[in-house]
Amino acid sequence: KATVSVLNWRPGAAGRGGMRLRESRDHEMETGEVAGRQPPPRGGRGGTSPLKVALYTVAVAAVTSWATMLSMGEGWWPEGVGSVVGGGYEAACAARRKLKKGGELDMKQVAYFEGKIKVERYIKDSFEEHGYAVVPFEKRLDATFIVGKGSAMHFNWEVCGDSMKHNHIYGQSKFTSKEMLTHTLRHGEKKGVGRAIGMHGSEFYKKGYVGEDAADCAEFMKWIADAEFDGQALDAPHIISKAIVGGHNGKGLKILSGRDLNAMLGAYKRTSRCERNTLFQDLLHDQLTLKGHGFSMRLFFVVLRVKPALVVFARGYVRITQAKFDAASTDAKAHISNSDKVWQKSADGMPHFWSLNQLNNYLYESGLVSDPMYVANTLIPKFCAVFTNVFKSAQPELKTKHAYYGVFGGDMTLDTSLNPWLFEVNYSPELSRQVPLNVIEHMYYDIITMQERLLEKHNLPWGALKAGLRNPKRFTVLVDEQKNYVYSLKERTDGTPPQPIVFD
């Protein structure tokens, strides 16, 4: 089989400088703007003038381009492709199309982009089972699949849509960025997205305030002023704050007391600014506990195709906090279930992972529910409604190139009334060997199978797409535009609820 051996390079799109810029503000690079963000101070000592900003931008671009070229070295420039690099990626894709048409293109190659976060062994094993050989990242346009982890993987949006697949969707930060998820669901609420689905954003996502958004900041400070925290409320927890960038695995998460909030209000009166890089969100006070421990559920939804949209749900697992949950505590350890430090059992022997089956048995055996299949019959349909709402709220902002697909992990918990509450949505979610394999077994293998089929026929219907999968019952359709179908909690015409989802 022949290979293309070409590289589409753009200044700042690769190399250390480009990675760092993308990691810090991926969503800004996608949209080109940040609506409502507070402007930097202008003029004065320590201020930033427009001229300084322009000079700084030019300097960063120059240094980034220079560093990128140095980091590439001679090995990054395949022989005889200088005109291709200079002329754009279309020439490279044309070369791939020609080879594919002649049956000469090796379609069993995968390239991994690994920055600080590595592609998990489970994913690599799935590609190996499919017979894929790994090619160096600098030869990524030889590969059919380009797979990356972390925000630094967004090296190149220009993927040949007729012969390549990339595990990223341009515009996905509308729901994977904490601050943009807040605005996306707020916008979806105004547009009435939840009406047809049977679940509104405000029913599964706590009200949030983005610190860098001037309007959000003012509204949040007004809320603090109106609350008038005093007495016992001074030391009680009220708000959870999350780092927007660099908040992976619970880093930067704080539980804020009334005293903390009063101090923030005082600072705001002096500076008219809120803390940057922070999302402030109402705390879930009536969280359900499992034997006294807090928990979250990592659940998956997969965008198999952006247009016509085809989105499916896949079951996940439960992660349990190491410390006992204390609703009156401001210790973040009791609230975090995905920290790097909690992969082992807690001091009282509580394991870190449960399957959804174990959660179901606990709810039933504890007398919290009367249905022995409560998770399948009631909770999972609600999870499906949540993810359907998230996707439909963000869908207008997603680019519809054929090459894009995405596997996303949503983190949820339950309140004491067993209502689901969404914390966040992650791209390239945790699929490591630390997760019990029976929970995610065959999931990524089946995803690769379906993407291969979509390469051959982009509009392949769901029935043909799922035929012969290792575990087709794992997936439940959330959105299928070919059939004008959107998942809904509302009862069917015959009065039956949504079909239960089989698991474990």
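Along the sequence shown, residues carry numbers from 1.
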State, to 0.1 Å, how close [X] and [Y] come at their nearest heavy-atom pair, and which atoms those are.
X: A196; Y: S488; answer: O-OG, 2.8 Å
X: W421; Y: N419; answer: CD1-O, 3.3 Å
X: A385; Y: I197; answer: O-CG2, 3.6 Å
X: P237; Y: L283; answer: CB-CD2, 3.7 Å
X: P420; Y: F383; answer: CB-CE2, 3.8 Å
X: L290; Y: M350; answer: O-CE, 3.4 Å

Q | Test side-chain contact (heavy atoms from CB on, under 4.5 Å) applied to L299 and L356, V425, L379, L422, the passing residue | A |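 The single option meeting the side-chain contact (heavy atoms from CB on, under 4.5 Å) with L299 is L356.
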
With sequence neighbours excluded, what pairs up with [X] under the salt bridge (charged side-chain N to carboxylate O under 4.0 Å, His left out) test?
X: D226; result: K222
X: D235; result: R259
X: K242; result: none

Q: Any pair with a residue in residues 181-209 that passes salt bridge (charged side-chain N to carboxylate O under 4.0 Å, His left out), sequence neighbours left out, goes on the list, sorted by first then second residue, please.
A: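 Found R186-D216, K207-E219.
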
(Q) Evaluate E179 against H183 for side-chain hydrogen bond (donor to acceptor under 3.5 Å, both in side chains), listing each step before the verdict. (A) CA-CA 7 Å; E179 60 176 312; H183 289 303; 5.5 Å; no

Side chains of [X] and [Y]: does their closest heavy-atom pair fall under 4.5 Å?
X: Y374; Y: L418; result: yes
X: I169; Y: V306; result: yes
X: T176; Y: N426; result: no
X: L261; Y: I239; result: yes
X: I447; Y: Y405; result: yes
X: V407; Y: P429; result: yes
X: H168; Y: Y404; result: no
X: N262; Y: L234; result: yes

My understanding is that only residues two or more places apart in sequence, or in another chain, count here; which of them pass side-chain contact (heavy atoms from CB on, under 4.5 Å) with [X]?
X: D286; value: L284, D415, T416
X: Y364; value: V369, P372
X: A403; value: V159
X: A233; value: F229, H238

Let me confirm one number: the [atom1]-[atom2] distance from [X] to [Y], rounded to the nearest 0.5 Å.
X: M373; Y: D371; atom1: CE; atom2: CG; result: 7.5 Å
X: D480; Y: Y485; atom1: CG; atom2: OH; result: 9.0 Å
X: R270; Y: L265; atom1: CZ; atom2: CG; result: 10.0 Å
X: F423; Y: S296; atom1: CZ; atom2: OG; result: 6.5 Å
X: L310; Y: L304; atom1: CG; atom2: CG; result: 5.0 Å
X: L368; Y: S417; atom1: CG; atom2: OG; result: 11.0 Å

Apply side-chain hydrogen bond (donor to acceptor under 3.5 Å, both in side chains) to [X] and list each qualifying residue two or more places apart in sequence or on a separate chain.
X: N361; result: none
X: Q451; result: K165
X: Y209; result: none
X: S393; result: N389

Q: Give a yes or no on whether a salt bridge exists between D411 and R319, defined as a side-chain N under 4.0 angstrom from a carboxylate O.
A: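 So D411 pairs with R319 through a salt bridge.
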
Q) More than 12 foreign heavy atoms under 6.0 Å from NZ of K307: is that the case here? A)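 No.
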
**Q.** Crowding at NE2, H200 (>12 non-hydrogen neighbours, <6.0 Å)
**A.**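 Yes, NE2 of H200 has more than 12 neighbouring heavy atoms, counting only those of other groups under 6.0 Å.
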
Q: Would you please classify the geometry between the F220 ring and the W223 ring as parallel, tilted or perpendicular, with 30° and 60° separating the classes?
A: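 Geometry flag for F220 against W223: parallel rings.
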
Would you say [X]'s side chain and [Y]'s backbone share a donor-acceptor pair under 3.5 angstrom?
X: H166; Y: I146; value: yes
X: Y362; Y: K291; value: yes
X: Q281; Y: I240; value: no
X: S329; Y: F325; value: no
X: N277; Y: A243; value: no
X: H442; Y: N471; value: no

Q: Identify the residue among F391, F387, Y205, F408 that makes a ring pair (Phe, Tyr, Trp, His ring centres under 6.0 Å) with F175.
A: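 The ring pair (Phe, Tyr, Trp, His ring centres under 6.0 Å) with F175 is passed solely by F408 among F391, F387, Y205, F408.
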
Q | Worked check of ring-ring contact (aromatic ring centres under 6.0 Å, His included) between F353 and Y317 | A | CA-CA 7 Å; F353 291 110; Y317 52 90; 5.5 Å; yes

(Q) Does the Lys NZ or Arg CZ of K382 fall within the cation-pi geometry relative to F204 - under 6.0 Å from the ring centre and within 45° of the axis? (A)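 Judged by the rule, K382 and F204 form no cation-pi pair.
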
Q) So is R470 actually on top of Y445's ring, under 6.0 Å and inside 45° of the axis? A)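 Flagged: R470 positioned over aromatic ring of Y445.
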
Q | F295/W354 aromatic ring centres below 6.0 Å | A |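 So the answer is no for these two rings.
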
**Q.** Check: F145 ring centroid to F127 ring centroid under 6.0 Å
**A.**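 Yes.
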
Q) With distance as the sole criterion, is a donor-acceptor pair present between the side chains of Q395 and E481 under 3.5 Å? A)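 The answer is yes; a qualifying pair exists.
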
